[in-house]
Amino acid sequence: MKQALVCMSHSPLLEHTDPPAEVKAAVEAAFDQVRAFAAEFKPDLIVNFGPDHYNGFFYDLMPPFCIGYEAHGTGDYDSWDGPLNVPTDIAHELAQYVIDQDIETAISRKMEVDHGAVQPMEIIYGDLSEVPVIPVFINSVAPPFSKMSRIREFGTAVGNYFKNSDKKVLFIGSGGLSHDPPVPQIATATEEQRAFLTDGRHPTPEARAARQQRTIDTAKAFARGEADIMDLNPEWDRAFLDVCRSGDVSRFDAYVPAEMDAVAGHSSHEVRTWVAAYSALRACGEYEVTYEFYKPIKEYIAGFGVTTAVLVP
Ligand SMILES: O=C(O)CCc1cccc(O)c1O
Ligand SMILES: [Fe+2]
C-alpha cells in the first residue's frame, strides 16, 4: 500500500502541565503506537496538513489553505525552529495539480509553521530536518471559514495527485478535537489584539513568553475547574471519530463552523486538518482506521484524539 494516515491532536502543554500519571502514560502509549506505525510504513514523503495559531498566518493575508514550497518552524512553545525538508518541485507540481482541479490554493515559498503543524512530526521523528515533508496550511482559527465540503475537495485533490505516485506517502492531520484555548477572536478583539491578529508575526521574546504563560496558566486553571473557557465535548469528539472511522468522508460536509464554535470550541476547526487528511487517503482507496485513542484532557486543553489508518487491499 502506498498511502497511510496519522491524525492526532496537538497541545503545546505536553511539556508544561501535569495531568495525572495514568493520563500521561496513556498519551505516551498512543504516541508509541504512532511511532511504530510510521516506522513500519516507512514513508518516502509526508503531506502534513496543519493549522496555525497566528504565528505564521495573519489577517493581513489569510488564505483558506496554502501549500508550502519552503518552510521554517516558528519555534513557539519550544517547538521546531529550523527549516523543514520540503521537496519544492513536488510541492509545486502538487499545487499546480490542485489548481487544475479548480481549487485555487495559495502557495508559499517562505511558509512559517508553528507548534500545531510540527508537533506530530516532532513526536514521531524528533527532528524535522530529515524527513521530506510538504507542509499544507489549513486555516482553522480565523473566520471566515470555507465550507467543510471544500476542505474535503481540497484533501481529495491532494490525494488524487499522490494516488498513482511511486512514493509512499503518509498523510498527517494535526489538531482538535473539541477545545477552546485562549486564542483571541477578531470579533471580540481589543485594539491591541486586533493589531496582533492582523500582522503580529515575529513577536518579541517577551510577548511570546507572555502569550505562552497565559495559555499555561489557563490550562492549569481549567484543570482545577476555574477557567472561563468552554469545556471539552467528549460526545462531539467521539461522533467526529465515528465519522473518520466510517470511511464515508462526505459525512464531514455536515460540520458547520458556527455550530462547532458553539458546541466544540473556537479551536475545534482544527479538525479541518483531519478532514483534509482522511479525504486525501480516501481518494487513494477504501481505508480502515487501525488505531484510535481518545481522552478529554483538561491539562492539555484538548479533547485529545490519535488515529492511524491504512488502505484496505
Ligand atoms: O497558543 C495558542 O495559540 C494555543 C495553544 C494551544 C493550546 C491547547 C490546544 C491547542 O491545540 C493549542 O494550539
Ligand atoms: Fe492548536
Side-chain angles (χ1 to χ4, degrees), residues 7-19 23 27 48-59 62 73-81 112-123 135 137-142 145 172-186 188-189 193 196-197 200-203 205-223 227-234 236-237 240 260-261 264-277 294-306:
C7 279
M8 56 195 282
S9 300
H10 60 254
S11 173
L13 298 151
L14 292 183
E15 310 298 330
H16 294 280
T17 57
D18 258 337
V23 172
V27 171
N48 190 80
F49 296 99
D52 176 76
H53 314 73
Y54 303 108
N55 288 295
F57 290 84
F58 296 83
Y59 269 112
M62 183 60 74
T74 63
D76 67 317
Y77 294 97
D78 303 321
S79 62
W80 181 252
D81 62 356
E112 294 199 48
V113 291
D114 79 354
H115 72 272
V118 301
Q119 194 173 86
M121 287 175 53
E122 287 180 311
I123 287 165
F137 161 76
I138 298 191
N139 174 21
S140 305
V141 286
F145 294 115
I172 292 182
S174 173
L177 299 169
S178 66
H179 65 314
D180 197 38
V183 180
Q185 302 296 318
I186 194 74
T188 55
Q193 288 172 329
F196 162 68
L197 296 175
R201 53 183 57 79
H202 309 149
E206 296 74 23
R208 183 175 289 296
R211 168 187 181 168
Q212 296 179 177
Q213 196 54 53
R214 248 192 327 275
T215 301
I216 294 164
D217 294 345
T218 301
K220 291 179 177 171
F222 191 37
D228 60 357
I229 57 174
M230 188 185 296
D231 205 353
L232 307 177
N233 188 334
W236 188 89
D237 293 340
F240 182 79
M260 290 168 67
D261 273 343
H266 291 100
S267 283
S268 64
H269 304 296
E270 291 180 352
V271 299
R272 290 167 166 256
T273 63
W274 290 49
V275 171
Y294 175 73
K295 197 175 272 300
I297 305 174
K298 292 196 171 198
E299 291 82 352
Y300 293 160
I301 315 183
F304 208 94
V306 179

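Keep in mind that the numbers below use all heavy atoms, side chains included, and drop hydrogens, waters and symmetry copies. Counting starts at 1 for both ligands and their atoms, in listed order.
Judged by the shortest distance from any of its heavy atoms, Q212 lies outside the 4.0 Å radius around the atoms of ligand 1. Within the 4.0 Å heavy-atom cutoff, G175 does not count among the residues contacting ligand 1. Heavy atoms of Y300 approach ligand 1 to within less than 4.0 angstrom.
P12 CG, 3.5 Å is the protein heavy atom nearest to atom 5 (C) of ligand 1. Of all protein heavy atoms, the one closest to atom 3 (O) of ligand 1 is R211 NH2, 2.5 Å. Of the protein's non-hydrogen atoms, V183 CG2, 3.9 Å is the one closest to atom 4 (C) of ligand 1.
Taking 2.8 Å as the threshold, H179 does not count as a candidate ligand of the Fe ion (ligand 2), since none of its N, O or S atoms lies below it.
Annotation: S11 places no N or O atom under 3.5 Å from an N or O atom of ligand 1; distance criterion only.
Close approach of ligand 1 to E270 is summarised as follows: ligand atoms under 4.0 Å from at least one heavy atom of the residue are 11 (O), 13 (O). Distances below 4.0 Å separate heavy atoms of I301 from the following atoms of ligand 1: 8 (C), 9 (C). Less than 4.0 angstrom separates some heavy atom of Y77 from each of these atoms of ligand 1: 1 (O), 2 (C), 5 (C). Applying the 4.0 Å criterion to heavy atoms of P181 picks out, from ligand 1, the atoms 7 (C), 8 (C). Residue contact check: H179 has heavy atoms under 4.0 Å from atoms 9 (C), 10 (C), 11 (O) of ligand 1.
Ring orientation note: the planes of F137 and F57 are close to parallel, at an angle under 30° on the 30°/60° scale. Note: F240 and W236 have parallel aromatic rings, judged against thresholds of 30 and 60 degrees for the angle between ring planes.
For H53 atom NE2 and E270 atom OE2, the angle they make at the Fe ion (ligand 2) is roughly 80°, to 10 degrees.
The parts of H10 lying near ligand 1 are both backbone and side chain, judged by heavy-atom distances below 4.0 Å.
For the pair K298 and F222, the cation-pi criterion (under 6.0 Å, within 45° of the ring axis) is fulfilled.
Donor-acceptor pairing under 3.5 Å is lacking for the side chains of E122 and H115.
Each of K220, Q213, R214 was compared with D217 under the side-chain hydrogen bond (donor to acceptor under 3.5 Å, both in side chains) criterion, and only Q213 meets it.
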